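Let me begin by presenting the structure, written as C-alpha cells, before commenting on it.
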Amino acid sequence: MKIVTIGGGSSYTPELIEGLILRQKKLPITEIWLVDIEDGKEKLQIVGEMARRMVEAAGLNWQIRLTLDRKAALKDADFVTTQFRVGLLEARQKDECIPLSHGYLGQETNGAGGILKAFRTIPVILDIIKDMREQCPEAWLVNFTNPAGMVTEAAIRYGHWEKTIGLCNVPFSHIEQAKKILNQPEESLFFKFAGLNHFHWHRVWDRHGKEQTRALIDAIYGQHMQNEGLTNIHQIPFYPELVRHLSILPCGYHRYYYLEEQMLAHSVTDFKAYATRAEVVKETENRLFELYKNPDLKEKPEELAQRGGAHYSDAACDLIESIHNDSRKMMVVSTRNNGALTDLPYDSIAEVTAVITSHGAEPLNWGTFPPAARGMLQVMKAMEQTVIEAAVNGDYGAALHAFTINPLIRAGETAKQVLDQLLYAHKKYLPQF
Ligand code: NAD
Ligand code: G6P
Ligand code: MN
C-alpha cells in the first residue's frame with residue numbers, strides 16, 4: 001500500500017506516522033511519500049527524518065520518501081491524505097489579524113479568515129485532483145486541509161473526485177468527553193453527529209437504548225462547565241438554557257456563533273497582546289521542530305498535544321483502515337449528504353456519522369433539525385456554497401455575497417473593505433481573482 005501525504009512538512013506528520021505504526025498489522029504499507037513545496041522544504045526534511053526514525057524504531061521496513069515533486073509522488077498511490085496550508089502560518093496570521101483590526105472575528109475556519117483560507121486552498125485541491133486523475137485514478141483522497149468541509153465539497157462537486165472523504169478531530173474530542181462523563185467505554189455508547197464541519201451537533205445513547213443526550217447536557221452545561229479539550233478554542237461557557245432548549249449537543253466551534261460577542265472580545269484582547277492563535281502556534285511549532293531535530297527522538301513528543309488538531313491521526317488512520325479492510329467502522333466524516341440530513345441539499349457535503357465501507361462512507365439518517373438549529377445550518381451551507389463558487393470562478397460578486405451571508409461578518413462598507421484588504425494581502429495565492 002502506498003500512502004501519499006500532501007503538506008508532509010506539517011508538524012502533525014509524526015502523529016500520522018504514529019497512527020499508521022499502531023495499525024501496522026491491518027495495513028500492508030510499503031511506502032509513505034511526504035510531499036511539500038519549496039517554502040516547506042526545510043520543515044519537510046526535519047519532520048521526514050523524524051518519521052524515518054519512528055518507522056525504524058518500530059522495526060518496520062516502510063520506505064519514507066520526501067519530495068517536492070507531487071506528480072512523481074502520486075504515481076500509483078492508494079491513499080492521498082492532505083494537510084497543507086497555502087501561505088503557511090504567515091497567511092493564517094493575516095486571516096486572523098485583518099478582520100480583527102476592523103472589529104470582526106478573525107479565525108482560521110470561521111468568519112472572514114475561514115473564507116479567505118478557502119479561496120487560497122480550493123484551487124490547490126483542484127490541481128491535486130488533476131494530477132491524481134493522471135497518476136492514481138483509483139486512489140482515495142482523505143482531506144484534512146481546512147476549511148475541511150468546504151475543501152471536501154469543492155473536491156467532490158467541482159473536482160468530481162467521488163472518492164474524497166473529509167475529516168476533523170473535533171468529533172473525537174466530543175466522544176472522549178462523553179465517555180469520561182458517562183464513565184463508559186466507546187463500545188457501550190452510540191453517537192450520532194450531523195451538521196457541517198465545525199458546525200455540527202450530536203446525540204448519544206447507551207447500550208440499554210436509553211438516550212443520554214440530556215444527561216450529558218446537564219453534566220456539561222450545568223454548574224461546572226467541563227471543556228471538550230480543544231486547546232485552540234477559548235472555553236467560554238455556553239448558555240445552559242440555550243443548549244437545553246435545543247436538546248442536542250453543540251460542538252466547540254458553535255461558541256463563535258452562540259457567543260459571538262464574548263468570543264470576539266476575547267480574540268481582540270489576544271490580538272492587542274500580539275497573541276493571536278497564529279502567533280501562539282508559531283511558537284509551539286518552533287519548539288516542536290527543535291525537538292524533531294534531535295536524532296535521539298523516535299516517538300511523537302507530548303508537546304504535540306498543544307496543537308488544536310492533536311489526535312487527528314486516529315481519524316485518518318481509522319478511515320484508511322476501514323476502507324482498506326471494509327471494516328464498516330462508524331466514523332464522523334464530511335461526505336455527500338445523500339438525504340441523511342433532510343434540511344440540507346441532497347448532493348451537498350455534510351459532516352455526519354457514517355459507516356465506512358470499502359466503497360466509501362454511507363451516512364446514517366439524522367432526519368430534521370429543530371427550527372432553532374435548522375435556520376443557522378441552512379444559512380451556513382448556503383454561505384459555504386457561495387464561498388466555493390467564488391473560490392472556483394474568482395467571482396468578486398460571489399465573494400462579497402459570501403461575506404454578506406456569513407453570520408460573523410456585519411454586512412456593508414466595512415465588510416467590503418475587509419474583503420478587499422484580504423484579497424490584496426493574499427494576492428500571491430489567489431490567481432483566480
Ligand atoms: P503548516 O502551516 O505547517 O502547513 C503544512 C505544510 O503544508 C507546510 O510544510 C507547507 O509548506 C505545506 N504546503 C503549503 N502549500 C502547499 C502546497 N500547495 N502543496 C503541498 N504542501 C503545501 O500547517 P499545519 O498547522 O500543520 O496544518 C495543516 C493543515 O491541516 C491546515 O490546513 C490546517 O488547517 C489543517 N488541520 C485540520 C485539522 C482538522 O480537524 N481537519 C486539524 C489540524 C490541522
Ligand atoms: C482543531 C480543528 C482543526 C483546526 C485545529 C487548529 O480543533 O479541528 O480543524 O485546524 O484545531 O489547531 P491549531 O493548533 O493550529 O490552532
Ligand atoms: Mn477541524
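The model shown is predicted, which means the values in this text are computed figures rather than measured ones. For the single chain, residues carry numbers from 1 onward in sequence order. Just so you know, ligand 1 is whichever comes first in the structure, and atom 1 is the first atom listed for that ligand.
Nearest protein heavy-atom neighbour of atom 1 (C) of ligand 2: Gly308 O, 3.2 Å. The protein non-hydrogen atom at the shortest distance from atom 3 (C) of ligand 2 is Asn146 ND2, 3.6 Å. For atom 8 (O) of ligand 2, the nearest protein heavy atom (residue, atom name, distance) is Asn169 OD1, 2.5 Å. Protein heavy atom closest to atom 11 (O) of ligand 2, with residue, atom name and distance, is Asn232 ND2, 3.1 Å.
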Next item on the list: Applying salt bridge (Lys or Arg N to Asp or Glu O under 4.0 Å), run through Lys71 and Asp69 and close with a yes or a no.
Entry: CA-CA 6 Å; Lys71 279 195 186 182; Asp69 185 345; over 6 Å; no
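In this structure, the side chain of Asp36 does not engage the main chain of Lys43 through any donor-acceptor pair within 3.5 Å. Not a single donor-acceptor pair under 3.5 Å links the side chain of Asp343 to the backbone N or O of Arg374. With hydrogens and angles disregarded, no donor-acceptor distance shorter than 3.5 Å links the side chain of Ser322 to the backbone of Leu319.
Close approach of ligand 2 to Val281 is summarised as follows: ligand atoms under 4.0 Å from at least one heavy atom of the residue are 13 (P), 14 (O), 15 (O), 16 (O). Residue Gly309 approaches ligand 2 through these ligand atoms, each under 4.0 Å from one of its heavy atoms: 1 (C), 5 (C), 11 (O), 12 (O). Short contacts between ligand 2 and Cys168, defined as distances under 4.0 Å to a heavy atom of the residue, involve ligand atoms 8 (O). Atoms of ligand 2 found under 4.0 Å from any heavy atom of Arg92, numbered from 1 in the order shown, are 13 (P), 15 (O), 16 (O). Interface atoms of ligand 2 facing Leu230, defined by a heavy-atom separation under 4.0 Å, are 7 (O). For ligand 2, the atoms closer than 4.0 angstrom to any heavy atom of Tyr12 are 12 (O), 14 (O), 15 (O). Taking every heavy atom of Arg307 and a limit of under 4.0 angstrom, the matching atoms of ligand 2 come to 13 (P), 14 (O), 15 (O). If you number the atoms of ligand 2 from 1 as listed, the ones under 4.0 Å from a heavy atom of Val170 come out as 7 (O), 8 (O).
Contact annotation: the side chain of Leu68 approaches that of Leu44 to within less than 4.5 Å [non-hydrogen atoms, C-beta and beyond]. A heavy-atom distance below 4.5 Å is found between the side chains of Phe199 and Tyr257. By the 4.5 Å heavy-atom criterion applied to side chains, Phe271 and Ser101 are counted as neighbours.
Around CD of Glu176, the count of heavy atoms belonging to other residues, nucleotides or ligands within 6.0 Å exceeds 12.
Ligand 2 lies nowhere less than 4.0 angstrom from a heavy atom belonging to Tyr312. The closest approach between Thr109 and ligand 2 stays at or above 4.0 Å for every heavy atom of the residue.
Listed by chain and number, the protein atoms of type N/O/S under 2.8 Å from the Mn ion (ligand 3) are Cys168 SG, His198 NE2; waters are omitted.
Of the heavy atoms in Phe172, none comes closer than 4.0 Å to ligand 2.
Near ligand 1, heavy-atom contacts under 4.0 Å come from Ile6, Gly7, Gly9, Ser10, Tyr12, Asp36, Ile37, Gly40, Lys43, Gln83, Phe84, Arg85, Val86, Leu88, Glu108, Lys117, Val124, Phe144, Thr145, Asn146, Leu167, Cys168, Asn169, Glu285, Arg307, Gly309.
Ring pair His174/His202 is tilted by interplanar angle, where 30° to 60° counts as tilted. Taking the six-membered ring for Trp and thresholds of 30 and 60 degrees, Tyr258 and His254 have nearly parallel ring planes, at less than 30 degrees apart.
Remark: of the listed residues Tyr221, Tyr256, Tyr253, Tyr221 is the sole one forming a ring pair (Phe, Tyr, Trp, His ring centres under 6.0 Å) with Phe238. Checking Glu260, Gln262, Gln235 one by one against Arg255, the side chain to side chain donor-acceptor pair (under 3.5 Å) holds for a single residue, Gln235.
By the 4.0 Å N-to-carboxylate-O rule, Arg277 lies too far from Asp95 to be salt-bridged with it. Ion pairing between a basic and an acidic side chain is recognised when a charged N comes within 4.0 Å of a carboxylate O; Asp314 and Arg23 show such pairing. In this structure, Glu162 pairs ionically with Arg336, as a charged nitrogen and a carboxylate oxygen lie closer than 4.0 Å.
For an aromatic pair to be called close, the ring centres must be under 6.0 Å apart, and Tyr312 with Tyr12 satisfies this. Ring centroid separation for the pair Trp201 and Phe369 comes in under the 6.0 Å cut-off.
The distance criterion of under 3.5 Å between nitrogen or oxygen atoms is not met by Arg85 with respect to ligand 2. Taking only nitrogen or oxygen atoms, main chain and side chain alike, Arg277 reaches within less than 3.5 Å of ligand 2.
Taking CH2 of Trp62 as the reference point, atom CD1 of Ile29 lies at 4.0 Å (rounded to 0.5 Å).
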